[in-house]
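Not measured: the values here are computed from a predicted model. Letters go in sequence order (proteins before strands), and every chain restarts at 1.
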Number of protein chains: 6
Amino acid sequence: MTNLIEYEDASDEVRAVYDDIRTTRQTEYINNFWKALANHPPTLRRTWETLKEVMASPGEIDPLVRELIYIAVSVTNGCEYCISSHTAAARAKGMSDQAFGELMAITGAANMTNRLANGYQIPVDEQFKR
Amino acid sequence: MTNLIEYEDASDEVRAVYDDIRTTRQTEYINNFWKALANHPPTLRRTWETLKEVMASPGEIDPLVRELIYIAVSVTNGCEYCISSHTAAARAKGMSDQAFGELMAITGAANMTNRLANGYQIPVDEQFKR
Amino acid sequence: MTNLIEYEDASDEVRAVYDDIRTTRQTEYINNFWKALANHPPTLRRTWETLKEVMASPGEIDPLVRELIYIAVSVTNGCEYCISSHTAAARAKGMSDQAFGELMAITGAANMTNRLANGYQIPVDEQFKR
Amino acid sequence: MTNLIEYEDASDEVRAVYDDIRTTRQTEYINNFWKALANHPPTLRRTWETLKEVMASPGEIDPLVRELIYIAVSVTNGCEYCISSHTAAARAKGMSDQAFGELMAITGAANMTNRLANGYQIPVDEQFKR
Amino acid sequence: MTNLIEYEDASDEVRAVYDDIRTTRQTEYINNFWKALANHPPTLRRTWETLKEVMASPGEIDPLVRELIYIAVSVTNGCEYCISSHTAAARAKGMSDQAFGELMAITGAANMTNRLANGYQIPVDEQFKR
Amino acid sequence: MTNLIEYEDASDEVRAVYDDIRTTRQTEYINNFWKALANHPPTLRRTWETLKEVMASPGEIDPLVRELIYIAVSVTNGCEYCISSHTAAARAKGMSDQAFGELMAITGAANMTNRLANGYQIPVDEQFKR
């Protein structure tokens with residue numbers, strides 16, 4: 001079992017990241033992902049900066065849609081932790097059971113057709129090569 | 001090279017699917033994916049019915065967002081054909097270069113954190129187990 | 001481009017493997033896979049011994065079925081070389097277009113349901129835990 | 001934990017699928033996969049129709065072989081639920097311990113050679129491009 | 001649950017492999033991986049010979065580095081057993097917490113850039129095609 | 001085809017990253033990966049900062065070993081661009097043909113045993129759960 005580093009036991013470098021997570025997310029809760037990454041502070045800091053920029057900065061893609069995309073990738077890779085945490089995040093941002101069902105249907109179908117395209121070794125249509 | 005079956009050479013069963021693709025998508029163009037699947041008509045019919053239902057029927061998730069999800073899965077699986085065809089479909093539905101950049105950033109970050117979660121074998125937080 | 005090592009240019013160690021491939025498969029043809037692995041003779045020898053034992057030794061699973069399984073894995077992993085070479089091998093052992101279509105349908109469906117099971121985080125039924 | 005929907009609590013739409021599963025498989029038992037998909041009835045119905053057609057309709061590939069292919073894909077993707085359920089199905093259709101061992105050996109070897117082909121970037125032999 | 005075959009219950013063929021594992025690794029302990037593979041003795045023998053040659057024979061790559069590579073692959077594939085066993089092996093060979101953190105950072109970054117390269121469909125630079 | 005952004009056509013933000021790549025790597029050459037990411041400057045900047053930190057900052061893992069790990073991941077994921085570029089980088093740092101052969105052997109074997117562990121659903125040994 002990976003050691004999970006609590007705020008009380010953390011170095012100043014790790015605490016600074018935990019503080020920024022709390023401020024950005026407006027919650028006291030630090031989830032286990034960050035407590036595990038804190039075993040290697042540069043990875044904690046860099047990963048948090050990446051996720052903060054990718055998931056929480058202004059952009060064209062809506063925050064809930066970003067979570068749907070995250071779930072689709074995590075389901076495709078079979079990452080239990082990420083499926084659990086991002087499904088919780090998506091529900092907190094308003095994902096309904098119906099939307100989750102549609103998301104699973106799209107994700108499943110894409111995984112199916114990805115393999116059909118592999119197996120039949122289908123040449124890319126000229127008009128798709130812009 | 002997989003044989004691509006043209007409308008002129010297709011059986012009635014295959015033509016019926018091609019006709020429905022044309023009507024549903026409001027275009028004369030049948031892309032190579034369907035012409036390849038036509039080598040096994042039950043797979044052509046079933047796959048089209050699945051995609052039509054999942055990608056084109058009414059639902060909570062917006063049609064453009066469905067394409068973004070499809071691309072995220074296809075990029076994760078490394079399916080060149082599917083990346084090409086669904087990127088074209090997403091652009092036709094309004095995806096900007098900026099949105100594509102954001103999509104790639106999210107997809108890349110998710111693939112990174114999926115592996116960090118695997119490697120650190122992080123236990124799922126109790127509050128994520130609803 | 002990986003250097004492909006021809007029989008004429010091969011060491012005795014590599015030639016011994018090429019000779020055994022020719023005898024076992026009853027053909028003069030050495031395909032590019034082996035010519036590439038010959039860059040590292042221990043990997044060539046070990047990989048050939050593995051494939052010979054797994055694909056060509058007596059067993060309960062029929063030789064053609066072994067090829068179908070190989071294709072299903074290669075399609076799932078998106079390995080173009082392996083899809084091409086094992087599809088050719090399967091056709092040489094009698095795989096029809098119809099059987100290939102069924103194989104793709106099963107492979108595609110399995111990839112779809114694998115992700116549905118991931119996404120819904122379905123607990124394994126007690127009766128499946130023997 | 002995903003809610004598993006029992007027959008007693010199911011809508012008519014879901015019950016119709018459960019009834020067809022029972023009739024097709026000639027068993028009262030509905031496994032958790034279907035009870036989870038029932039949270040999104042269109043996905044339940046469509047996935048069942050796909051599996052019924054792909055796994056249980058007449059075809060050239062033997063029903064036990066279809067299960068072997070399903071297991072090979074599920075093992076490659078690391079889907080615990082699917083490995084468990086399809087291994088049980090294959091055993092019910094006659095798969096011996098010996099055949100399972102051979103299946104694992106083929107699946108493992110294919111995953112190894114898929115990566116060797118990737119790493120050496122081996123060009124596809126002309127004769128494999130039909 | 002797969003049956004784990006203990007030395008006392010093993011055939012002579014299996015015992016010979018267990019004996020060689022003990023001698024090679026200089027430990028009495030046989031881990032569950034081998035006890036599970038013992039259900040199919042040819043796979044046990046062949047897999048052990050492969051790992052012995054690949055991981056324990058003389059070569060240019062240092063034994064600890066071989067474990068780091070093994071972990072990177074296992075993390076990418078999400079294989080819990082392999083992550084656990086090879087992380088233990090790497091620690092026994094001297095991997096520090098710091099090195100494990102660096103390994104995770106590299107593995108995560110590679111998984112991210114692999115997908116960025118897929119998604120942008122980047123042509124390989126001429127100078128990389130030697 | 002993704003647009004590749006040359007230095008002459010780049011914004012100041014992109015040029016700053018290109019300049020840092022040149023300084024850090026001590027070469028004028030900017031490879032296509034960065035020219036493609038430049039289509040979305042925040043992703044270019046963030047990805048470069050990540051790679052610079054992970055691959056080029058001081059640490060316990062040797063720079064050549066970092067490249068070997070990168071290749072192992074890229075081969076496992078089947079990313080042609082990344083295999084090509086990181087194999088070139090590893091050769092520039094001193095990887096011999098022999099070492100590449102050993103790397104492929106380890107990567108292939110790990111992919112094989114990952115699936116054997118999945119398929120046999122092997123429980124993790126107590127002593128591996130530290």
Revision key, fill the gap. Residues A/Ser96 and B/Glu60: closest non-hydrogen pair is OG-OE1, 2.6 Å
Check your understanding: What are the two closest heavy atoms between A/Leu103 and A/Leu68, and how far apart are they?
Key -> CD1-O, 3.6 Å
Review point. Tell me, side chain or backbone of B/Met112 under 4.5 Å from chain A's heavy atoms, or both, or neither?
Key: side chain
Review point. Using non-hydrogen atoms only, which part of B/Thr50 is less than 4.5 Å away from chain A: side chain, backbone, both, or neither?
Key: side chain
Check your understanding: B/Asp125, B/Ile106, B/Leu4, B/Thr43: which one forms the most heavy-atom pairs within less than 4.5 Å of chain A?
Key -> B/Asp125
Exercise for review: Could you have a look at B/Ile69, B/Asn77, B/Thr107, B/Ile83 and say which one has the most heavy-atom pairs with chain A under 4.5 angstrom?
Suggested key: B/Asn77
Review point. Can a cation-pi geometry be assigned to B/Arg115 and B/Tyr120, taking NZ or CZ under 6.0 Å from the six-membered ring centre and within 45° of the ring axis?
Key: no
**Study point:** Minimal non-hydrogen separation, B/Glu67 against B/Ala90, with atom names
**Key:** CB-CB, 3.8 Å
Check your understanding: Who among A/Gly119, A/Gly101, A/Ser85, A/Ala89 has the most heavy-atom pairs with chain B under 4.5 Å?
Key -> A/Ser85
Exercise for review: Pick one of side chain, backbone, both or neither for A/Thr113, based on which atoms fall under 4.5 Å of a heavy atom in chain B.
Suggested key: both
Check your understanding: Is it the backbone or the side chain of B/Ala88 that comes under 4.5 Å from a heavy atom of chain A, or both, or neither?
Key -> side chain
**Study point:** B/Phe128 and A/Thr87, any side-chain heavy atoms less than 4.5 Å apart
**Key:** no
Check your understanding: When only pairs under 4.5 Å are counted, which of B/Glu102, B/Met95, B/Met55, B/Arg66 shares the most heavy-atom pairs with chain A?
Key -> B/Glu102
Study note, to complete from the structure: When the 4.5 angstrom heavy-atom criterion is applied to B/Leu51 and chain A, the contacting part is side chain
Check your understanding: Looking at A/Asn118, A/Val75, A/Ile61, which has the largest count of heavy-atom pairs under 4.5 Å with chain B?
Key -> A/Ile61
Exercise for review: Give the intermediate values and the outcome of salt bridge (Lys or Arg N to Asp or Glu O under 4.0 Å) for residues A/Glu49 and A/Lys52.
Suggested key: CA-CA 5 Å; A/Glu49 283 172 2; A/Lys52 184 182 174 183; over 6 Å; no
Check your understanding: Can you say whether B/Val124 sits under 4.5 Å from chain A via the side chain, the backbone, both, or neither, judging by heavy atoms?
Key -> both
Practice item. Give the minimum heavy-atom separation between B/Trp34 and B/Leu44, together with the two atoms involved. Key: O-CD1, 3.5 Å
Practice item. Under the salt bridge (Lys or Arg N to Asp or Glu O under 4.0 Å) rule, what do A/Arg91 and A/Asp97 come out as? Steps first, then yes or no, please. Key: CA-CA 9 Å; A/Arg91 289 193 185 281; A/Asp97 283 352; 2.9 Å; yes
Study note, to complete from the structure: Interface check, chain B: of A/Thr76, A/Val65, A/Asn32, most non-hydrogen pairs under 4.5 Å belong to A/Asn32
Review point. Out of A/Leu64, A/Asn39, A/Thr47, A/Ile122, which one racks up the most heavy-atom pairs below 4.5 Å with chain B?
Key: A/Ile122
Review point. Where does B/Ser84 contact chain A at under 4.5 Å (heavy atoms): side chain, backbone, both or neither?
Key: both
**Study point:** Aromatic plane relationship, B/His86 with B/Tyr70 - under 30° parallel, 30 to 60° tilted, over 60° perpendicular
**Key:** parallel
Check your understanding: Centre of B/Tyr7's six-membered ring, under 6.0 Å away, within 45 degrees of the axis: is that where NZ or CZ of B/Arg22 sits?
Key -> yes
Study note, to complete from the structure: Max heavy-atom pairs within cutoff under 4.5 Å with chain A, candidates B/Gly108, B/Ser74, B/Ala105, goes to B/Ser74
Exercise for review: Check whether B/Ile71 gets within reach of chain A through its side chain, its backbone, both or neither, counting any heavy atom under 4.5 Å.
Suggested key: neither
